[in-house]
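Working notes, structure below.
Atoms considered below: every heavy atom in the structure, side chains included; atoms not considered: hydrogens, waters and symmetry mates. Naming: A, B, ... by sequence-line order, numbering from 1 per chain.
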Protein chains: 2
Amino acid sequence: MARATIADVARRAGVSKGLVSLALNDRPGVSAETRTRIQRIAEDMDWRPNPAARGLSAGRAFALGLVVHRERHTVEVDPFFASFIAGVEEALSQDNRVLVLSVVTDADTEAETYRRLSKDRRVDGFLLTDFLTDDHRVALLRELDTPAVILGDPAENIPFPVVSRDYARGVESLLAHLAELGHRRIAHVTGDLQMQHASRRRDHFLTHCRALGLEALIAEADFSPERGAQATVELLDGDHRPTAIVYANDPMAIAGIAVAHERGLNLPADLSVAGMDGSDIGRYTYPSLTTLNNDPAGWGRQAAAVLLELIEQGEAADAALPGADLIIRGSTGAPA
Amino acid sequence: MARATIADVARRAGVSKGLVSLALNDRPGVSAETRTRIQRIAEDMDWRPNPAARGLSAGRAFALGLVVHRERHTVEVDPFFASFIAGVEEALSQDNRVLVLSVVTDADTEAETYRRLSKDRRVDGFLLTDFLTDDHRVALLRELDTPAVILGDPAENIPFPVVSRDYARGVESLLAHLAELGHRRIAHVTGDLQMQHASRRRDHFLTHCRALGLEALIAEADFSPERGAQATVELLDGDHRPTAIVYANDPMAIAGIAVAHERGLNLPADLSVAGMDGSDIGRYTYPSLTTLNNDPAGWGRQAAAVLLELIEQGEAADAALPGADLIIRGSTGAPA
DNA sequence: TTGAAAGCGATACCAA
DNA sequence: TTGGTATCGCTTTCAA
């Protein structure tokens with residue numbers, strides 16, 4: 001019942017442990033014949049390398065780390081992570097690696113967690129989500145000398161590979177769609193602008209509004225439905241009331257729809273609303289939510305692949321996912 | 001820069017490695033004086049045990065496993081896990097353990113993942129969420145001889161400790177609330193009835209409807225907004241149209257609200273709606289969602305604590321979380 | 001109470 | 001191409 005060790009395999013094959021190691025790791029220095037024989041025996045014995053032993057010897061963990069930092073009140077509303085992790089999984093399990101996940105609710109614990117996982121060699125590298133405009137984790141991970149891959153589109157030059165996804169075109173399609181419907185004054189409720197993808201989205205919004213000759217309003221929020229609702233109230237009460245509001249994510253858009261309904265507005269006639277997450281729940285709101293599609297599993301797969309390459313090869317190229325596309329549903333229409 | 005090893009500590013303390021090990025693990029056989037001296041030196045050198053070495057020697061991983069099985073289309077809508085994991089974290093980090101998370105989208109991969117994590121000793125035990133009425137994982141984990149803790153309230157006698165939370169009282173409060181408002185015919189849209197907490201909730205619903213003299217309708221769904229919407233359509237189209245619908249989770253309730261709005265119903269006058277998740281987004285729908293509260297972080301903390309005790313002590317008692325309470329918001333009112 | 005040494009299961013180097 | 005052996009950092013056993 002106890003798992004076979006490399007010594008068992010060696011004994012049964014009548015060779016040394018070292019040779020078995022070479023054979024099973026596809027490394028040169030073993031005759032083809034011996035290699036296949038050893039491999040067959042190992043398979044036969046259902047041998048699998050012990051990660052602890054391997055890790056101790058090789059100084060590696062065969063694990064990737066993901067540290068998610070969420071404020072307590074924001075922690076639950078994230079349609080992104082489950083699919084993202086499922087995507088990561090696809091890249092890892094073949095290779096017998098695992099994902100170590102930590103969810104922390106304050107910045108000190110966050111830094112400490114990166115330190116601990118890295119110094120204890122619990123992971124070989126990190127996936128960096130929710131990248132900030134001036135992200136302290138870059139310096140931290142350089143100090144720790146730990147590989148990482150960044151999800152996003154940093155402005156600065158970063159010493160880590162980046163996996164990005166173009167939102168410019170998606171935002172442009174969305175604004176063109178609204179313009180075509182007849183909207184002229186459009187608002188954007190931002191995410192937490194410390195986050196790089198939030199500020200990017202705002203920039204895209206402003207750029208393409210200008211290009212399309214639209215009047216642009218900005219209301220700052222932080223991705224939480226609470227702040228999204230609050231920003232909506234401000235916009236609807238303001239002097240320059242927009243006919244359409246584009247939210248940086250879907251939960252805020254859903255909260256915005258609620259605020260509009262509460263005021264007796266008819267959607268989309270009195271107000272058009274759009275999100276940017278492509279979340280599934282947006283298909284089942286009323287009206288259903290126009291949004292940009294998303295591919296969390298794709299993010300996960302790609303990010304994990306790049307990180308693994310960085311860990312294995314010492315370097316890895318940036319990668320880009322297919323850009324965001326517009327999903328038109330019921331929440332956008334011609335203004336009354 | 002390289003981390004201090006136990007040998008470094010031993011050298012500096014002028015004792016043997018074995019003694020250091022005893023001292024730092026709070027085990028008997030070291031004089032109090034020597035122990036504190038060693039501990040001070042270790043702290044001074046910022047020594048931390050290497051998990052790989054420890055794991056290899058002790059045959060343990062110092063990690064807990066969580067395998068989440070979700071269908072592709074359900075994978076994103078879960079307000080539960082982020083907070084849950086944050087709670088688990090609180091119980092783990094002090095002790096220098098980690099959580100290994102896997103998200104899988106089919107049953108074969110699920111079983112294989114449990115096998116792999118257990119046999120490779122990547123984890124010392126599992127947290128079993130979404131427990132099924134007749135859960136195949138029980139047999140699997142017995143076969144693997146791996147500790148586990150169950151979240152839920154299994155009917156059968158299970159060879160693992162259980163962390164449970166009473167929903168009977170919450171469901172009762174909810175139904176009493178509706179009865180008091182004047183509702184007489186109330187429907188319940190169920191979760192996936194294979195899941196033990198879904199069937200429990202249905203049972204509570206039926207029991208307390210009977211006790212309160214309410215007419216009860218059941219529409220079967222699976223926790224997904226899609227099926228929740230579909231069930232709502234059926235209920236509203238049926239001959240015995242209810243004046244209130246209680247959904248087994250909040251995402252389905254949100255989808256139900258959308259269906260009602262689409263038909264021009266006024267909520268709550270034409271239809272009262274309630275969820276059972278206490279999700280944050282439910283505060284920002286229109287109308288805001290009456291629901292039962294939840295404590296995912298509490299689940300995580302408690303489940304991790306019980307599992308750690310089981311791993312350390314070889315046995316652990318069941319635990320119960322404080323019961324669910326009713327949160328009355330705008331989506332329930334007197335029928336017109 | 002303490003020290004010395006033998007594992008745990010792999011990798012890696014040096015000889016043969 | 002192969003075998004033998006040291007090594008990774010810790011725990012544990014056996015003597016002293």
Does a side-chain N or O of [X] approach OP1 or OP2 of [N] to a distance below 4.0 Å, or not?
| X | N | answer |
| --- | --- | --- |
| Thr5(B) | dG9(D) | no |
| Arg54(A) | dT11(C) | yes |
| Arg60(A) | dA10(C) | no |
| Ser21(B) | dT11(D) | yes |
| Ser57(B) | dT12(D) | no |
| Asn50(B) | dC8(D) | no |

Do the charged groups of [X] and [Y] touch, with an N to O distance under 4.0 Å?
| X | Y | answer |
| --- | --- | --- |
| Asp120(B) | Arg122(B) | no |
| Lys119(A) | Glu112(A) | no |
| Asp295(B) | Arg165(B) | no |

Upstream residue (5' side of DNA chain D) when Ala32(A) and Ala52(B) are each assigned their closest nucleotide
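This one resolves to Ala32(A).
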Quick one: OG1 on Thr146(A) to CZ on Arg137(A), what's the gap to the nearest 0.5 Å?
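The CZ atom of Arg137(A) is 13.5 Å from OG1 of Thr146(A), to the nearest 0.5 Å.
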Distance-only donor-acceptor check, side chains Asn96(B) and Arg48(B), under 3.5 Å:
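A pair is found: one side chain offers a donor N or O, the other an acceptor, under 3.5 Å apart.
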Are side-chain N/O atoms of Arg54(B) and Asn25(B) paired as donor and acceptor at under 3.5 Å?
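Yes - a donor-acceptor pair under 3.5 Å links their side chains.
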Would you kindly give the [atom1]-to-[atom2] distance between [X] and [N], to the nearest whole Å?
| X | N | atom1 | atom2 | result |
| --- | --- | --- | --- | --- |
| Asn25(A) | dA12(C) | CG | P | 8 Å |
| Ile6(A) | dA12(C) | CD1 | P | 11 Å |
| Leu19(B) | dA5(C) | CG | P | 16 Å |
| Asp26(B) | dT12(D) | CG | P | 14 Å |
| Lys17(A) | dT1(D) | NZ | P | 22 Å |

Taking any heavy-atom pair under 4.0 Å as a contact, classify [X]: base, sugar-phosphate, or nothing.
| X | value |
| --- | --- |
| Val20(B) | nothing |
| Arg48(A) | sugar-phosphate |
| Arg35(B) | nothing |
| Arg121(A) | nothing |

Can you tell which of [options] lies closest to the side chain of [X]?
| X | options | result |
| --- | --- | --- |
| Arg27(B) | dT11(C), dT12(D), dC10(D) | dT12(D) |
| Leu22(A) | dG9(D), dT2(D), dT11(C) | dT2(D) |
| Leu56(A) | dT11(C), dG9(C), dT11(D) | dG9(C) |
| Ser31(B) | dG9(D), dT2(C), dT1(D) | dT2(C) |
| Pro49(B) | dC10(D), dG3(C), dT1(D) | dC10(D) |

Determine whether a donor-acceptor pair (N or O, by modelled atom type, separation under 3.5 Å) exists between the side chain of Asp135(B) and the backbone of Leu132(B).
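Side chain of Asp135(B) to backbone of Leu132(B), a donor-acceptor pair under 3.5 Å: yes, one is there.
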Below 4.0 angstrom, which residues in residues 37-47 of chain B have at least one non-hydrogen atom near DNA chain C?
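Correct list: empty, so none.
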Counting only heavy atoms not in Arg301(A), do more than 12 sit closer than 6.0 Å to its CZ atom?
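Enclosed: over 12 neighbouring heavy atoms sit under 6.0 Å from CZ of Arg301(A).
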